[in-house]
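Every chain is numbered from 1 and lettered A, B, ... according to where its sequence line falls, protein lines coming before strand lines. The model shown is predicted, which means the values in this text are computed figures rather than measured ones.
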2 protein chains.
Amino acid sequence: MTATILVVEDELAIQELIALNLKKAGYLVLCADSAEQARKMSNNVLPDLILLDWMLPDLSGLEFARKLRGEERTKNIPIIMLTARTQEHDKISGLDAGADDYVTKPFSPRELLARIKAVLRRRIPEISDDILEVGGLRLDPVTYRVHAETAGKLIELSVGPTEFRLLHFLMAHKERVHTRTQLLNRVWGDHVFIEDRTVDVHIRRLRKLLEQVGKEHLVQTVRGAGYRFSVEKQEESAEL
Amino acid sequence: MTATILVVEDELAIQELIALNLKKAGYLVLCADSAEQARKMSNNVLPDLILLDWMLPDLSGLEFARKLRGEERTKNIPIIMLTARTQEHDKISGLDAGADDYVTKPFSPRELLARIKAVLRRRIPEISDDILEVGGLRLDPVTYRVHAETAGKLIELSVGPTEFRLLHFLMAHKERVHTRTQLLNRVWGDHVFIEDRTVDVHIRRLRKLLEQVGKEHLVQTVRGAGYRFSVEKQEESAEL
DNA sequence: ATAAACGATGACAATTTTGTGACAAGAAGA
DNA sequence: TCTTCTTGTCACAAAATTGTCATCGTTTAT
């Protein structure tokens with residue numbers, strides 16, 4: 001559960017404060033006060049999360065984030081941007097460059113910690129190529145096939161590429177509710193500009209497929225939140 | 001539980017003394033010896049509490065407090081005034097400017113610490129994604145599910161989005177009374193324009209759900225104050 | 001005791017959210 | 001090129017949620 005966090009911040013007072021906070025919270029902390037130094041550090045140790053100030057002496061935090069995202073080794077490390085600016089366009093370009101979250105100065109250490117926790121918790125393990133078997137469904141990422149077991153018989157479903165990825169993701173993270181935006185980011189990709197409602201349509205298509213084998217209950221709607229792949233029944237509240 | 005405290009005090013000896021004490025008590029400390037310096041610091045970091053000397057070289061502590069109160073980001077940070085004067089009218093104008101408490105010099109570190117603790121205790125903690133289990137209820141923010149244990153059986157409740165957030169908040173801050181306005185701010189959001197009474201209705205809906213599993217006693221009314229989620233039984237008012 | 005304040009409750013209409021079929025643009029393949 | 005599939009968006013239908021109100025029951029104060 002302990003994670004290593006790399007703090008890139010050139011104002012030493014702030015750097016120190018953050019470091020203290022993080023250490024108290026049980027994280028391992030690395031500090032750098034420039035992009036160059038940060039680069040060197042991440043050559044040796046790959047942190048679990050990077051806390052990155054927007055303004056750095058040698059390179060803008062934005063550029064640095066882009067660099068990190070560009071390299072295979074570092075591209076999946078979550079980044080939290082620390083920025084003094086509050087303009088909307090900055091938010092967008094910060095997130096666009098791959099920041100997972102951002103915190104504007106002045107920030108409260110308490111809030112920062114909460115966000116760090118949130119990002120780390122959100123960190124979902126990479127999807128592997130393992131065969132997934134959940135709720136009578138069997139999905140094989142290698143052969144791209146989905147089979148359903150109904151009454152002892154195995155039936156293959158013809159799933160389109162997108163539905164396959166969607167189902168794959170949902171099965172890999174079953175029981176957990178995913179917002180439409182999360183699904184777009186994880187299944188379609190981080191940078192797509194697609195309507196949230198599109199997810200609904202694909203969920204619909206997925207359900208249609210699962211209907212053929214009587215498994216449509218596996219994909220559940222959580223009103224106001226998102227969707228969930230779940231083996232447990234969705235409980236009807238007893239009526240009054 | 002650890003909090004960040006900004007100490008604004010121009011007498012270095014005192015500043016140091018305070019800082020030492022606070023650090024010993026496990027707080028994170030930032031120091032400034034002028035309003036100007038304090039302002040710079042609060043551009044970067046929002047402390048959980050500000051310890052503010054009445055007399056500063058550049059600006060009176062009073063004015064500084066007013067400034068803090070005037071800005072959206074800082075207006076909710078509790079302030080403890082440190083003053084050498086003991087006149088009643090100073091107390092009043094100090095509190096008027098938004099100080100939550102004040103301590104007169106000379107003070108005992110023990111007293112200062114006690115007051116700091118008291119002020120910080122009022123602070124409402126953040127909500128996290130942890131599973132909450134209270135009074136036979138189990139709420140899981142990740143799966144968006146609420147289960148109740150009745151007679152050894154687990155029953156899932158179908159909770160709507162708002163009731164879910166409300167229940168989440170109440171459970172996260174159990175045993176504490178929340179006014180309707182506080183609930184609106186924390187559950188609905190800060191800037192909504194919704195009637196206070198609406199909270200009643202949602203409390204009612206929540207209770208209705210909990211009734212199904214015989215847990216309606218968990219949500220209690222505190223007349224004239226607000227509502228409370230409590231495991232302890234509501235006391236029968238013993239008359240005097 | 002009576003009035004005033006406060007909270008509980010049921011009803012309801014407006015709004016929000018989700019389901020669903022259709023469609024056109026594009027991709028892939030023959 | 002001509003099909004065939006896939007996919008993102010839209011419009012509308014269906015369903016659930018939610019804020020407000022009117023009313024009623026309780027407690028508190030005068």
Side-chain angles (χ1 to χ4, degrees), chain A residues 144 146 157-170 177-185 187-189 191-212 216-229 234-237 239-240, chain B residues 144 146 157-170 177-185 187-189 191-212 216-228 234-240:
Chain A
Y144 249 72
V146 180
L157 297 175
S158 75
V159 203
T162 306
E163 277 103 50
F164 186 89
R165 287 201 307 277
L166 179 57
L167 181 60
H168 189 186
F169 180 80
L170 288 174
V177 174
H178 309 276
T179 67
R180 294 175 171 73
T181 307
Q182 281 169 355
L183 288 173
L184 278 177
N185 286 338
V187 176
W188 275 258
H191 24 284
V192 289
F193 93 111
I194 291 181
E195 302 279 325
D196 270 15
R197 293 292 265 107
T198 299
V199 174
D200 295 32
V201 179
H202 282 274
I203 289 285
R204 157 81 177 130
R205 288 169 182 158
L206 199 47
R207 282 185 177 145
K208 223 168 186 172
L209 286 171
L210 296 180
E211 246 176 47
Q212 301 170 11
E216 67 276 13
H217 60 276
L218 288 174
V219 177
Q220 304 173 349
T221 304
V222 179
R223 219 155 215 283
Y227 295 99
R228 168 176 59 197
F229 186 98
Q234 192 155 21
E235 200 61 40
E236 310 288 323
S237 66
E239 62 277 5
L240 320 176
Chain B
Y144 256 77
V146 180
L157 297 176
S158 80
V159 199
T162 305
E163 277 107 50
F164 187 89
R165 287 200 305 276
L166 180 58
L167 181 61
H168 189 185
F169 179 80
L170 289 174
V177 177
H178 309 276
T179 67
R180 294 173 171 75
T181 307
Q182 280 169 355
L183 288 173
L184 278 178
N185 286 337
V187 177
W188 274 258
H191 328 297
V192 288
F193 99 109
I194 291 181
E195 302 278 327
D196 269 16
R197 298 256 130 239
T198 299
V199 174
D200 296 31
V201 179
H202 282 274
I203 288 285
R204 157 78 177 132
R205 289 172 181 154
L206 200 48
R207 282 188 178 142
K208 219 168 186 174
L209 284 172
L210 296 181
E211 250 175 43
Q212 299 170 13
E216 68 276 14
H217 60 277
L218 289 174
V219 177
Q220 305 173 349
T221 304
V222 180
R223 204 182 164 79
Y227 296 98
R228 168 177 58 195
Q234 192 152 23
E235 16 186 307
E236 317 292 322
S237 61
E239 56 274 9
L240 321 177

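Listed for the R228(A) side chain is no donor-acceptor partner under 3.5 Å among the backbone atoms of V222(A). Judged by distance alone, with hydrogens and angles left aside, the side-chain atoms of R165(A) form a donor-acceptor pair with the main-chain N or O of V187(A) at under 3.5 Å.
Atom CZ of F193(B) is separated from atom C1' of dT18(D) by 13 Å (rounded to the nearest Å). What separates CZ of R165(B) from C1' of dG19(D) is a distance of 13 Å, to the nearest Å. Taking atom CG on L166(A) and atom P on dT7(D), their separation rounds to 11 Å, with Å as the unit. Between H217(B) atom NE2 and dA8(C) atom C1' there is a gap of 19 Å when expressed in whole angstrom units. A straight line from CG of L184(A) to C1' of dT9(D) spans 13 Å, rounded to a whole angstrom. Here the P atom of nucleotide dC21(D) and the CG atom of D196(B) are 13 Å apart, to the nearest Å.
Contact annotation: the side chain of V146(B) never approaches that of L210(B) to less than 4.5 Å [non-hydrogen atoms, C-beta and beyond]. In this structure, Y227(B) and T221(B) have side chains that are in contact, with non-hydrogen atoms separated by less than 4.5 Å. When side chains are defined from C-beta on, V199(B) does not count as touching I194(B), because their heavy atoms never get closer than 4.5 Å.
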Please produce a list of atom pairs where a protein N or O lies less than 3.5 Å from an N or O of nucleotides 14-24 of chain C.
from	atom 1	to	atom 2	distance (Å)
dT17(C)	O2	R223(A)	NH2	3.0
dT18(C)	OP1	G224(A)	N	2.9
dT18(C)	OP2	R180(A)	NH1	3.1
dT18(C)	OP2	R180(A)	NH2	3.2
dT18(C)	O5'	R180(A)	NH2	3.3
dG19(C)	OP1	R207(A)	NH1	2.9
dG19(C)	OP1	T221(A)	OG1	2.6
dG19(C)	OP2	Y227(A)	OH	2.6
dG19(C)	N7	R197(A)	NH2	3.3
dG19(C)	O6	R197(A)	NH2	2.7
dG21(C)	OP2	R204(A)	NE	3.4
dG21(C)	OP2	R204(A)	NH2	2.0

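T162(B) has a side-chain polar atom (N or O) that falls below the 4.0 Å cut-off from OP1 or OP2 of dT18(D). Applying the 4.0 Å criterion to OP1 and OP2 of dG19(D), one finds that H202(B) has a side-chain N or O inside that range. The side chain of W188(B) places no N or O atom within less than 4.0 Å of a non-bridging phosphate oxygen (OP1 or OP2) of dT18(D).
In this structure, H202(B) and W188(B) have perpendicular ring planes: the angle between them is above 60°, well past the 30° mark.
Across all strands, T198(A) comes closer than 4.0 Å to base atoms (heavy-atom distances).
Side-chain atoms of E195(A) lie closest to dC10(D) of the nucleotides dC10(D), dT17(D), dT7(D).
With no hydrogens or angles considered, no side-chain donor-acceptor pair links S158(B) and R223(A) at under 3.5 Å.
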